[in-house]
Undergrad: 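Let me give you the structure first, and then I'll get to my questions.
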Amino acid sequence: MDGAAPAGQEDAMRWWRQQRDQVLFGITTALLLSGLTFMAAGAREAADRLWVTATLLGLAYSTAALVAAARRREASVDVIAWFALVGALAVGEALAGAVIAVMLATGVLLEARAEARARRELSALVARAPRTAVRDTAAGPVEVPVAEVVLGDRLVVRSGEIVPVDGRLLGPAVLDESALTGEPLPVERRAGEDVRSGVVNAGQAMRFTATATAEASTYAGVVRLVEQAQAQSAPFVRIADRFAVVFVPVTLVLAAVAWAVAGDPVRAVAVLVVATPAHSCWRHRSPSSPASPGRRAVVWWSRAGVPWSGWRRGGSCCSTRPER
């Protein structure tokens, strides 16, 4: 029983970490809509209570996000949403606070889903990498771990299998390179041409000589590039974070000026509320990426220094056949 309790707590914590963004969005949205329903029925006091609850939830999340950013010593535009939520409560604008909380929760949810999609794509990329290779020996084909392939090995790739390492063809081959280039049609390659790891043999069994180990092959390089890209902030994100250093004080100054000129703190809250959607667009964004895995691969290949030529619009080659 003692062991079951910690296990149950760990499961609950894991579930909360995975679902908290959806929970925040669901609760704040439900509170906002429920308050509108009560408002339409004439129960303004009940509506205000629901909206205040949504605002407090958004404020709690925003506070936690600011504390986390401060510990990382990172600039964050989340402070604008925090001031807007506090201001909405201070001036009694519960509906505005609830709307801000929903916007904040929406941005958090979109960012979480984008990160989850990126993790799934990386997992699929790693899972697709071949684990074994078939070495062509005098005694016949022998299956070996791909890590044991050395330069000069003669390898066999059966129909429908993925090329495990970079190499040079010993005979003609028909290859499906769509996973790398986005080209939908099989490509015919002649003996002596290079073949990249990660492509699929779309014809009869082919033979080639390994020109690189698995670790030094193209596909492994792409996996490393993707891992590095996910570990680092995108250029747009870095620009947005730097811009936050200017955007936050300018917004606060404008809010203070609006309050001083109008003599009404509601004007300051209005400025903060208007600035919140812009903050959400910058801070909680879905990472942009090409439309197809093939186009993403083209970007990765070019960053890796892999020479690809003859690209046309749409990310496909001008010709699917080698020059004669």
Undergrad: Is the backbone of Gly198 close enough, under 3.5 Å, to the side chain of Arg128 for a donor and an acceptor to pair up by distance?
TA: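 Judged by distance alone, yes, a pair lies under 3.5 Å.
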Undergrad: Which heavy atom of Ala268 sits nearest a heavy atom of Trp259, and at what distance?
TA: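 Looks like CB-CB, 3.9 Å.
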Undergrad: Please confirm whether the backbone N or O of Arg168 pairs with a side-chain atom of Thr211, one donor and one acceptor, at under 3.5 Å?
TA: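 No, Thr211 side chain to Arg168 backbone: no donor-acceptor pair under 3.5 Å.
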Undergrad: Can you give me the closest heavy-atom contact between Ala54 and Ala101, atom names plus distance?
TA: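 Scanning both residues, the minimum pair turns out to be O-CB, 3.3 Å.
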Undergrad: Cluster question for you: counting only ILVMFWY and a side-chain heavy-atom cut-off of under 4.5 Å, with indirect links fine, are Leu56 and Val91 together?
TA: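 Hydrophobic grouping puts Leu56 with Val91.
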Undergrad: Roughly how far apart are Ile100 CD1 and Glu93 CD, rounded to 0.5 Å?
TA: 10.0 Å
Undergrad: Step through the shown structure and confirm whether more than 12 heavy atoms of other residues, nucleotides or ligands are within 6.0 Å of CZ on Arg71.
TA: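 No, not enclosed.
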Undergrad: Determine the minimum heavy-atom distance between Val52 and Ala94, stating which atoms define it.
TA: CG2-CB, 3.8 Å
Undergrad: Looking at Ala214 and Ala220, what are the two nearest heavy atoms and their distance?
TA: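 Of all heavy-atom pairs spanning Ala214 and Ala220, the closest is O-CB, 3.2 Å.
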Undergrad: Taking Asp21 for the side chain and Ala112 for the main chain, is one N or O donor matched with an acceptor at less than 3.5 Å?
TA: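 Between the backbone of Ala112 and the side chain of Asp21 there is no qualifying donor-acceptor contact (under 3.5 Å).
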Undergrad: Would you say the side-chain atoms of Thr55 pair up with the backbone N or O of Leu85, donor to acceptor, closer than 3.5 Å?
TA: no
Undergrad: Donor-acceptor check, side chain of Asp166 to backbone of Thr218, threshold 3.5 angstrom: yes or no?
TA: yes
Undergrad: If you take all heavy atoms of Arg224 and Glu215, which pair is closest and at what distance?
TA: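 So the two residues come closest at NH1-O, 3.0 Å.
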Undergrad: Okay, side chain of Thr28, backbone of Phe25: is any donor-acceptor separation there less than 3.5 Å?
TA: yes
Undergrad: State yes or no: do Leu31 and Phe38 share one hydrophobic cluster built from I, L, V, M, F, W and Y residues joined by side-chain heavy-atom distances below 4.5 Å, directly or via other members?
TA: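 They do share one cluster, since a chain of ILVMFWY contacts under 4.5 Å joins Leu31 to Phe38.
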Undergrad: I need the minimum non-hydrogen distance between Val165 and Phe208, along with the two atoms involved.
TA: O-CE1, 3.7 Å
Undergrad: Tell me whether Trp51 contacts the main-chain N or O of Leu32 through its side chain, where contact means a donor paired with an acceptor under 3.5 Å.
TA: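 Checked: pair present.
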Undergrad: Is there side-chain contact between Leu252 and Val271, with heavy atoms separated by less than 4.5 Å?
TA: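 Answer no - side chains too far apart.
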Undergrad: Starting from Val200, can I reach Met206 by hopping between I/L/V/M/F/W/Y residues whose side chains sit under 4.5 Å apart?
TA: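 No; tracing contacts between hydrophobic side chains, which count when under 4.5 Å, never links both residues.
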Undergrad: Side chain to side chain contact (heavy atoms under 4.5 Å, CB included) for Val274 and Thr251? Distances and angles first, verdict last.
TA: CA-CA 10 Å; Val274 170; Thr251 301; over 6 Å; no
Undergrad: How many angstroms lie between atom CG of Leu175 and atom CZ of Arg189, to the nearest 0.5 angstrom?
TA: 7.0 Å
Undergrad: Does Leu109 share a hydrophobic cluster with Leu59, counting links as ILVMFWY side-chain heavy atoms below 4.5 Å and allowing steps through other members?
TA: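 Shared cluster, no.
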Undergrad: Please determine whether residues Val253 and Val261 belong to a single hydrophobic cluster, defined as Ile, Leu, Val, Met, Phe, Trp and Tyr linked transitively by side-chain heavy-atom distances below 4.5 Å.
TA: yes
Undergrad: Tabulate below the donor-acceptor pairs under 3.5 Å that side-chain atoms of residues 138-155 make, not counting sequence neighbours, or state none.
TA:
{"from": "Asp153", "atom 1": "OD2", "to": "Arg135", "atom 2": "NE", "distance (Å)": "3.2"}
{"from": "Asp153", "atom 1": "OD2", "to": "Arg135", "atom 2": "NH2", "distance (Å)": "3.1"}
{"from": "Asp153", "atom 1": "OD2", "to": "Val150", "atom 2": "N", "distance (Å)": "3.1"}

Undergrad: Looking at Gly58, is its backbone amide N or carbonyl O close enough to the side chain of Ser62 to form a donor-acceptor pair, meaning the two atoms are under 3.5 Å apart?
TA: no
Undergrad: Calculate, to the nearest 0.5 Å, the distance between atoms CD1 and OG1 belonging to Ile27 and Thr53 respectively.
TA: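 Nearest 0.5 Å value for the CD1-OG1 distance: 10.5 Å.
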